[in-house]
Every structure is written in structure tokens, then in C-alpha cells.
Amino acid sequence: MNSIPQTANSGSNEPAENVKKTESIAVVCGDITAALNRRPELMQLFRSSCEKAYFFCPEHDQKYFDQIEELGFELTITPVNTQGMNPVHDVGYFRRIYKLLKEKRPDHVFVFHIKQILYTSLACRMLGIKCHCLFAGLGYLFSEEQSFKRRMVGSLATRMLRSALKRATTVFFQNPDDYETFNKRRILSRDANAVVVDGSGVSLTDFPFSDPTGELPITFLLIARILRDKGLPEYYAAAKDLKSRWGDRINCQLMGPFDDNPNSMSREEIDKWHNEGIIEYLGVTEDVRPYLKAASVFVLPSFYMEGTPKIILESLATGLPVITTNSRGCRETVIDGQNGILIEPRDIAGLTAAMESFLEDPGRTVPMGKASRELAETRYDVNKINARMAEVMGIA
């Protein structure tokens, strides 16, 4: 087994315009919003580092296409069913990607989302193009608790990834557990250039520190896709218990989009929680900052196969204590007892106790919030992470 690669959490803060120019890069992904909302600084760095930049993604709202073109990328829509497993459709997607890469001949390809990684890295291998793959979480296919169908699909994905990544130039992971999973399944070759980075990072400027009040009422905020694996039922159970005992001294909020994931919760379930007065559902937003600023504590009791949740990093930068689970992608964001509390996955009693500790002593949000900001500054600064990734890729 390979040893865990050094985490790429350091690097120069050199402005993007001073980075040396390489000839061209192509970014391939399954959702354009993941590029623009979760890693816009990285997209800007790629564009400023390269004379030519291409962007390949499936259909989405025109406003996002306008944004990526405003950054200077040449956009090409590459239709694909991200959730589907139709081999005919997938072969068609592979052919489109192969044809585009053969035509554009970029010096570097940066790809994320598993289906895109599978077919893009294979195409790059066949064409001799440098391919840099980012696994921002492994998703439900690699979950240890799987149905027979998931195990079959996961086994197939493992074999395909093993072949596709054989000649990948770089393989980025966002936490050590994902790297170990790939090693355990022997997906990575012994000479693979695997690098663990501290998530996508967070802009310390865009998410400024906000002083905690240290007073009641305490507002707990959970922002995530509406999936059971994000710990939503556990959050509801804890909120219901605490609300019955603390009344108006506690507010529990939920924000996030509904999803077509197999573990999604229905709108009816969430509306029921909202109408009961237990969980206030806030809907969705393109700017989470006002909601983070208004909250007292951020909560994410996830047992999903996370990379490093971007929303936790944004909460750290804002200065919120964090309650999250001792599980992959989450545990690294909290120093237990200093900037938040770690609980075990699915532990309703542990979650309830962690939340109640802030109700019993609201003043502890102040030192914990400051510790969160310090952790964001020292470990999760997006400029440092991106500079290191660019260095590893050979474009800086």
C-alpha cells in the first residue's frame, strides 16, 4: 500500500496574473455550478495561467454559461446523464469527449465528478494528454452500507477507474480517507502521483469574520443537499427534543436544494418539520453569507462520503463553531473542544448533547468562533491551496 501523500495545504500567495503562462487547459465536469460556486478562484487561476482555456460540461442555465465565458473559457456543451448507467449513452459521451480533446489538444486537462473522470482520463490516456483528476468526495457508490445494486455498480466503477487512472498525471483527493479507500481497492498504481489537499479552500476575503454574540437564543444552521446521509433525520430528532425543553431560546434552521439522489428526502417531509415549528426550512440561496452571519453554530451531522464540505469551510471563515461527525471529510475541519464538537455518525444523543452544550453556555461560541477563523486562515486559505495544486500540475 502506498503511504499517504503529503497534504497540499501550503504554497505561495502569488497573484494569479504573475503565474507563468502555459499553452492551454481544458476543464471537464458534470455540473458547471460546482466550478463556479465551489472553486471559482481555481477557475480564475487556470484562465490567467493559460493562453487558451476550454470548458466542457452538460446543459445548464444560460446564466452559468455566460459566467464561465466571461472568465475567458471557450465553452462546449457535452450532454450526459450523470446519474444514469446506460452504457450506450456513456459510450456516446466518451466519443464526444475524445473527439473534443483530439480537436483542441490542450496541454492539460483538469476533470472532476466520477463519470467525467472515468471517460476523460481514458481519453487523455489514449491521446497522450496530461490529465489531472480531482475526487471531491466519493459519493454513494463507495459507501460501505450498500444495496446489492450499489455493490455491483461500485465494483464496476472500481474496475473502470483502475484502468482509466493508470496513466493519470495527478490524482487529487480532499481527505486522507478517500485516498486510503482507493489504495484499499487497489485503484491507484504504485507510481501514481496522488496528492491530498484540504478541500477546495475558502476565500477569507469573501467570507469575513463575524463576531459571535455569545448570547441566547442560539441559532443552529444546517446547509446541505436534502439527503438522509447528511444527517437530516438526526438533526430533526435532536431539534425536536431540545425545542420541547428550551422553547424560543433555540432556533434550528435548514437550507439546501432537493436532489434526485437515491437517498433524497421529499419536500413533504421537510414541509412537515417546518410546519411543526421544529426546523425552519429556508429554501435555497446563491449567497449563504447572510445566513451564516446570522447563525450561532453550524451543524452538519453527515455520514455521506464527503470530500471536504465547502460549507463547513465557509462557516469556519465566518467564525462559527461547528458540530460535525467523526467521519471522512468532516473530522479534519474540527479540533474537538476548540473550534467545535465532533460526534459519531447517526448518534442522536451525542448530537443533542453537543447542541445543548451551547444552550447551557452560549458564551462558548465566542472563543470557538475565533478558533474556527484561525483554522480557516492557517489551513483552508483558498489561495494557498490553489497555488499548491497549480504547482503540482506544472502550470505555476
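- Between Val111 and Cys133 the shortest side-chain heavy-atom distance falls below 4.5 Å.
- Cluster annotation: Val322 is connected to Leu204 through the hydrophobic network of ILVMFWY side chains, with a link wherever side-chain heavy atoms come within less than 4.5 Å.
- Inter-residue side-chain proximity for Arg245 and Thr352 is flagged as met; some heavy-atom pair is nearer than 4.5 Å.
- In terms of heavy atoms, Asn193 sits closest to Val392 at ND2-CG1, 4.0 Å.
- Ser296 places a side-chain N or O within donor-acceptor distance of the main-chain N or O of Thr219, the cut-off being under 3.5 Å.
- Not a single ring pair (Phe, Tyr, Trp, His ring centres under 6.0 Å) links Phe56 to another residue, sequence neighbours left out.
- Checked by atom type and distance alone, the side chain of Arg373 pairs as donor or acceptor with a backbone atom of Ala317 at under 3.5 Å.
- Remark: side-chain polar atoms of Arg47 are paired, donor with acceptor, to backbone N or O of Gly72 under 3.5 angstrom.
- Look at Glu74 and Lys104 and you find a salt bridge, because one of the NZ, NE, NH1 or NH2 atoms lies within 4.0 Å of a carboxylate O, short of that distance.
- Between the side chain of Ser210 and the backbone N or O of Thr318, no donor-acceptor pair lies under 3.5 Å.
- Side chain of Arg289 to main chain of Asp206: a donor-acceptor pair is present (N/O by atom type, distance under 3.5 Å, no hydrogens or angles).
- Between Val196 and Gln174, the shortest heavy-atom distance links the atoms CG1-C, 4.4 Å.
- A side-chain donor-acceptor contact under 3.5 Å links Arg96 to the backbone of Pro79.
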- [ ] Take Gln116 and Val80, measure what side-chain contact (heavy atoms from CB on, under 4.5 Å) needs, and give me the verdict at the end.
- [x] CA-CA 9 Å; Gln116 280 65 34; Val80 64; 3.5 Å; yes

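- Contact of the Ile187 side chain with the Thr158 side chain is registered, since non-hydrogen atoms from C-beta on lie closer than 4.5 Å.
- Between Lys370 and Glu374 no salt bridge is recorded (no basic side-chain N to carboxylate O distance below 4.0 Å).
- In this structure, Arg39 satisfies the cation-pi test against Phe112, with its NZ or CZ atom closer than 6.0 Å to the six-membered ring centre and inside 45 degrees of the ring normal.
- When every heavy atom of Thr365 is checked against every heavy atom of Pro362, the shortest pair comes out as OG1-O, 2.9 Å.
- A salt bridge does not link Lys272 with Glu269: every distance from a Lys NZ or Arg NE/NH1/NH2 to an Asp or Glu carboxylate oxygen is 4.0 Å or more.
- Taking the charged nitrogens against the carboxylate oxygens, Glu276 and Lys240 have no contact shorter than 4.0 Å, which rules out a salt bridge.
- Looking at Ser357 and Arg364, their side chains come closer than 4.5 Å, going by heavy atoms from C-beta outward.
- From Asn183, atom CG reaches atom CZ of Arg190 across 9.0 Å, with rounding to the nearest 0.5 Å.
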TODO: Go through Leu71 and Phe55 one step at a time and tell me if the side-chain contact (heavy atoms from CB on, under 4.5 Å) criterion holds.
DONE: CA-CA 11 Å; Leu71 287 176; Phe55 198 97; over 6 Å; no

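- With rounding to the nearest 0.5 angstrom, the CZ atom of Arg388 is 12.0 Å from the CD1 atom of Ile385.
- With rounding to the nearest 0.5 Å, the separation of CE in Met160 from NZ in Lys115 is 9.0 Å.
- Atom CG of residue Leu342 and atom OG1 of residue Thr325 lie 8.0 Å apart, to the nearest 0.5 angstrom.
- Closest approach of Gly214 to Val366, counting heavy atoms only: CA-CG2, 3.9 Å.
- The number of heavy atoms from other shown groups lying within 6.0 Å of NZ (Lys293) does not exceed 12.
- The backbone N or O of Pro301 lies less than 3.5 Å from no partner atom in the side chain of Thr324, so there is not a single donor-acceptor pair.
- Counting all heavy atoms, side chain and backbone alike, Asn251 lies closest to Lys243 at OD1-NZ, 4.3 Å.
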Task: Check against side-chain contact (heavy atoms from CB on, under 4.5 Å), Val334 and Asn339 - done: CA-CA 6 Å; Val334 168; Asn339 74 302; 3.9 Å; yes

Between side-chain atoms of residues 58-65 and protein atoms elsewhere (two or more places apart, or another chain), which donor-acceptor pairs fall under 3.5 Å?
from	atom 1	to	atom 2	distance (Å)
Gln62	NE2	Asp66	OD1	2.9
Lys63	NZ	Glu286	OE2	2.4

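- When side chains are defined from C-beta on, Tyr54 does not count as touching Val28, because their heavy atoms never get closer than 4.5 Å.
- Cluster annotation: Val299 and Leu316 are assigned to the same hydrophobic cluster (Ile/Leu/Val/Met/Phe/Trp/Tyr, side-chain heavy-atom contacts under 4.5 Å, transitive).
- Applying the ring-ring contact (aromatic ring centres under 6.0 Å, His included) test to residues at least two apart or on different chains, the pairs with a partner in residues 219-263 are Tyr236-Trp273, Phe258-Tyr281.
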Open item on the list: Using side-chain contact (heavy atoms from CB on, under 4.5 Å), reason through Asp229 and Met305 one step at a time and then give a plain yes or no.
Closed with: CA-CA 9 Å; Asp229 290 0; Met305 300 287 279; over 6 Å; no

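- Note on Val195: it does not cluster hydrophobically with Val382, by side-chain heavy-atom contacts below 4.5 Å among ILVMFWY residues.
- Looking at Arg162, its side chain does come within 3.5 Å of a backbone N or O of Arg185 through a donor-acceptor pair.
- At least one donor-acceptor pair closer than 3.5 Å links the side chain of Lys310 to the backbone N or O of Gly201.
- Residue Leu351 forms a side-chain contact (heavy atoms from CB on, under 4.5 Å) with just one option from Ile341, Asp241, Leu242, Ile343, and that option is Ile343.
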Task: From CA spacing to verdict: salt bridge (charged side-chain N to carboxylate O under 4.0 Å, His left out), Glu360, Arg249 - done: CA-CA 10 Å; Glu360 294 171 337; Arg249 289 171 291 177; over 6 Å; no

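- Nearest approach of Thr333 to Leu375, heavy atoms of both residues: O-CD2, 3.2 Å.
- The aromatic rings of His132 and His108 sit parallel, their planes meeting at an angle under 30°, below the 60° perpendicular limit.
- Side-chain atoms of Ser48 come within 3.5 Å of backbone N or O of Leu45 as a donor-acceptor pair.
- Atoms CG and OH, on Leu282 and Tyr291 in that order, are 6.5 Å from each other to the nearest 0.5 Å.
- Linking Ile, Leu, Val, Met, Phe, Trp and Tyr whenever their side-chain heavy atoms come within less than 4.5 Å leaves Leu227 and Val288 in two separate clusters.
- Cluster membership for Phe46 and Leu75, using ILVMFWY side-chain heavy atoms within less than 4.5 angstrom, is shared.
- The number of heavy-atom neighbours closer than 6.0 Å to CZ of Arg186, taken from other residues, nucleotides and ligands shown, is 12 or below.
- Atoms CD1 and CG, on Ile97 and Leu127 in that order, are 11.0 Å from each other to the nearest 0.5 Å.
- The closest side-chain heavy-atom distance from Arg331 to Asn175 is not below 4.5 Å.
- With a 4.5 Å cut-off on side-chain heavy atoms, Asn386 and Glu391 do not count as touching.
- Below 30°, between 30° and 60°, or above 60°: for Tyr93 and Tyr119 the angle between ring planes is above 60°, a perpendicular geometry.
- No donor-acceptor contact under 3.5 angstrom links the side chains of Ser200 and Arg38, judged on distance only.
- For the pair Leu300 and Leu222, the minimum side-chain heavy-atom distance is below 4.5 Å.
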